[in-house]
Number of protein chains: 2
Amino acid sequence: MGNSVEKTDFQIAFGRQIEKFRTEQNLSYRQLAQRCDIDHSNISKIEKGEINIQLSSVLQLAKGLSISPKELFDFNFDLGDVIS
Amino acid sequence: MGNSVEKTDFQIAFGRQIEKFRTEQNLSYRQLAQRCDIDHSNISKIEKGEINIQLSSVLQLAKGLSISPKELFDFNFDLGDVIS
DNA sequence: AAAAGTGTGGGTTTTTAACACCACAATTAA
DNA sequence: TTAATTGTGGTGTTAAAAACCCACACTTTT
């Protein structure tokens, strides 16, 4: 039932970044979706850390938010917590 | 024959970053592979921009190179060139 | 009140990367 | 010379992202 994919802390932190930039710009899921060619329902899942997106999607999100990919990763994250 | 995935400028630029950090630390593919749980042959492909890796792999690479994910994206890239 | 927009979740199909290998030529070290 | 290491390709399997759709309760706008 439901998700076979686990949420990782990194995915969740990344998702929060997307949400932060999206809300700063007063964009809805559907509006951002239109700008970056990602389905609005998937953007919801990305923000909640439910999917492990690819590099191409990172780029699309950066484009849709008009920021550099680097800024999307501008958050604190402890690499020591990475399991494998 | 060969690759179904096209190299994008972004993948290539990202790959160059990996190569830069890896060579700065005098690591071979196999040495980096050991540190980040990614097969050495795949690291070769990532550096050449041949694969569209996932967020989890970005994190593994950052961990293997002992740098923040943000630094991996610290390169110039013109979002205006993004097609879709 | 009606219409439009919102976040959210479900489901299906197609695409594709991760993964775990193997093989080999060239280089470097013993 | 032999052995080890390196970068580089190829392959088949499997899990999951991406793309697409829809539906619904709730809020905002008209």
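Chain naming here is simple, since letters A, B, ... match the order of the sequence lines and numbering starts at 1 in each.
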Expressed in angstrom and rounded to an integer, what is the separation of I18(A) atom CD1 from dG7(C) atom C1'? 17 Å
Quick one: CD on Q34(A) to CG on L27(A), what's the gap to the nearest 0.5 Å? 10.5 Å
Flag the pair L79(A) / S66(B) as yes when at least one side-chain heavy-atom distance between them is below 4.5 Å, and no otherwise. no
Rounded interatomic separation in angstrom, taking CG from L55(B) and C1' from dA18(C): 14 Å
Report yes if some heavy atom in the side chain of S57(A) is under 4.5 Å from a heavy atom in the side chain of N42(A); otherwise report no. no
Applying a 4.0 Å non-hydrogen cut-off, can you work out what K48(B) is touching in the nucleic acid: base, sugar-phosphate, or nothing? sugar-phosphate
Can you tell me how far C1' of dA18(D) sits from NZ of K45(A), to the nearest Å? 10 Å
To the nearest angstrom, the CD1-C1' distance between I53(A) and dA18(D) comes to 11 Å
Measure from CD1 on I38(B) to C1' on dC21(C) and round the result to the nearest Å. 16 Å
Which of parallel (below 30°), tilted (30 to 60°) and perpendicular (above 60°) describes F73(B) and F14(B)? tilted
Among dG9(D), dT8(C), dG7(D), which nucleotide has an atom closest to any side-chain atom of E50(B)? dG9(D)
For the pair F10(B) and F77(B), name the ring-plane relationship: parallel under 30°, tilted 30 to 60°, perpendicular over 60°. perpendicular
Does a side-chain N or O of R22(B) approach OP1 or OP2 of dT6(D) to a distance below 4.0 Å, or not? no
Measure the shortest side-chain to side-chain distance between R35(A) and K63(A) over non-hydrogen atoms and say whether it is less than 4.5 angstrom. no
Out of the candidates R16(B), R22(B), K20(B), only one should pair with E47(B) under the side-chain hydrogen bond (donor to acceptor under 3.5 Å, both in side chains) rule; please name it. R22(B)
Base of dA17(D) paired with side chain of N42(A) (donor-acceptor, under 3.5 Å): no
Earlier contact from the 5' end, DNA chain C, for Q31(A) and Q54(A): Q31(A)
What's the CG-P distance between N52(A) and dT16(C), to the nearest Å? 17 Å
Let me know the distance between CD of E47(A) and C1' of dA17(D), rounded to the nearest Å. 17 Å
Any donor-acceptor pair under 3.5 Å from Q25(B) side chain to L65(B) backbone: yes
Please report, rounded to the nearest Å, how far the P atom of dG10(C) is from the CD1 atom of I51(A). 14 Å
Does dA18(C) have OP1 or OP2 under 4.0 Å away from a side-chain N or O of S56(B)? no
Any chance you could measure K48(B), atom NZ, to I18(B), atom CD1, to the nearest 0.5 Å? 15.5 Å
Mind listing the N/O atom pairs, protein and nucleotides 22-30 of chain C, below 3.5 Å?
none

Please determine whether a side-chain nitrogen or oxygen atom of S28(B) lies at a distance below 4.0 Å from atom OP1 or OP2 of dT6(D). yes
Do the side chains of I53(A) and L61(A) get nearer than 4.5 Å, heavy atoms only? yes
Estimate the overall bend of the helix from dA1(C)-dT30(D) to dA30(C)-dT1(D) from the end axes over five pairs each, rounded to 10 degrees. 50°
